[in-house]
Amino acid sequence: MLIEVIVHEATISIPVPNIFHADLDAIQKKIEDSARAQEINISMLDLRGLLPAMIKGIAGCEQGCPADAKSLIRRGYQGFDLRYIEGGILTAEATSSDGYRVSVKMFPDF
């Protein structure tokens with residue numbers, strides 16, 4: 001899986017070799033570091049909760065539960081605009097507390 005994150009003007013790509021054992025703390029830190037480097041405050045965005053919800057939405061879970069991105073989109077997630085793009089791509093966009101766009105896009109490996 002590949003996670004692409006855009007924080008205002010910076011784009012970072014984060015490969016996730018094992019989606020079911022993703023290091024969510026390390027992924028979140030990379031995103032926060034990108035924002036911090038631009039002096040953008042994203043602390044109000046719940047990335048720690050969003051990331052596993054998106055992973056489950058496009059890849060299911062290790063115990064065999066089905067992926068259901070469209071259900072996640074219907075439920076929504078804490079101020080993020082969620083969209084499903086054909087091919088299994090899931091996006092989440094929000095605005096930081098200081099008005100900058102934050103976009104998280106997950107690309108499945110299948």
Side-chain angles (χ1 to χ4, degrees):
M1 167 176 282
L2 179 70
I3 301 173
E4 178 185 274
V5 181
I6 301 171
V7 178
H8 183 50
E9 296 179 344
T11 302
I12 57 173
S13 293
I14 306 167
V16 182
N18 185 341
I19 194 167
F20 300 113
H21 299 286
D23 186 346
L24 297 174
D25 292 331
I27 294 168
Q28 182 174 347
K29 182 176 181 339
K30 287 179 183 180
I31 298 168
E32 289 172 347
D33 288 349
S34 176
R36 195 173 301 112
Q38 299 177 80
E39 298 181 2
I40 296 173
N41 181 5
I42 63 169
S43 63
M44 49 90 67
L45 301 177
D46 180 16
L47 293 171
R48 186 66 169 94
L50 174 69
L51 293 168
M54 288 180 75
I55 288 170
K56 184 176 178 187
I58 62 172
C61 65
E62 200 168 22
Q63 289 76 32
C65 55
D68 190 1
K70 293 179 182 180
S71 176
L72 173 61
I73 292 166
R74 277 192 303 277
R75 286 189 317 268
Y77 193 85
Q78 298 183 11
F80 284 89
D81 177 25
L82 301 171
R83 281 178 272 159
Y84 177 80
I85 301 170
E86 291 304 316
I89 301 167
L90 187 58
T91 66
E93 292 187 357
T95 303
S96 68
S97 59
D98 38 6
Y100 294 99
R101 182 178 74 110
V102 177
S103 173
V104 178
K105 188 180 288 187
M106 289 192 180
F107 300 87
D109 283 338
F110 49 85

Side chain proximity check, I3 to V16, heavy atoms < 4.5 angstrom: yes

Taking atom CG of L2 and atom CE of M106, what is their separation to the nearest 0.5 Å? 10.0 Å

Do F107 and I27 land in one hydrophobic cluster if side-chain heavy atoms of ILVMFWY residues count as linked below 4.5 Å? no

In this structure, OG of S103 is separated from CD of E4 (nearest 0.5 Å) by 7.0 Å

Please tell me if the side chains of D98 and I42 come closer than 4.5 Å, counting only heavy atoms from C-beta onward. no

Closest non-hydrogen atoms of A94 and G79, given as atom of the first, atom of the second and distance, are CB-O, 4.0 Å

Nearest-0.5 Å distance that lies between atom CG in N41 and atom OG in S97: 3.5 Å

Which atom names give the shortest non-hydrogen contact between M1 and I19, and what distance separates them? CE-CD1, 2.8 Å

For residues 40-60, which residue pairs pass the ring-ring contact (aromatic ring centres under 6.0 Å, His included) check, not counting sequence neighbours? none

Are the side chains of I31 and I14 in contact, using a 4.5 Å heavy-atom criterion? yes

Given side chains that start at C-beta, do those of L24 and I55 come closer than 4.5 Å, heavy atoms only? yes

Measure the CE-OG1 distance between M44 and T95 for me, rounded to the nearest 0.5 Å. 8.0 Å

Please report the shortest heavy-atom distance between Q38 and E9, naming the atom on each side. OE1-N, 3.3 Å

Between P15 and P17, which heavy-atom pair has the shortest distance, and what is it? O-CD, 3.6 Å

Atom pair CD/CZ of E32 and R48 - distance to nearest 0.5 Å: 10.5 Å

Distance-only donor-acceptor check, side chains Y77 and D46, under 3.5 Å: yes

Show me, pair by pair, the donor-acceptor contacts under 3.5 angstrom made by side chains of residues 80-90, not counting sequence neighbours?
from, atom 1, to, atom 2, distance (Å)
R83, NH2, E93, OE1, 3.2
R83, NH2, E93, OE2, 3.4
Y84, OH, G88, N, 3.3

Can you name the residues that form a side chain to side chain donor-acceptor pair (under 3.5 Å) with D68, not counting sequence neighbours? none

Pairing of D33 and K29 as salt bridge, 4.0 angstrom limit: yes

Does the pair Q78 and L50 meet the rule for a side-chain contact (heavy atoms from CB on, under 4.5 Å), with working shown? CA-CA 8 Å; Q78 298 183 11; L50 174 69; over 6 Å; no

What's the separation between atom NZ in K105 and atom CE in M54, rounded to the nearest 0.5 Å? 10.0 Å

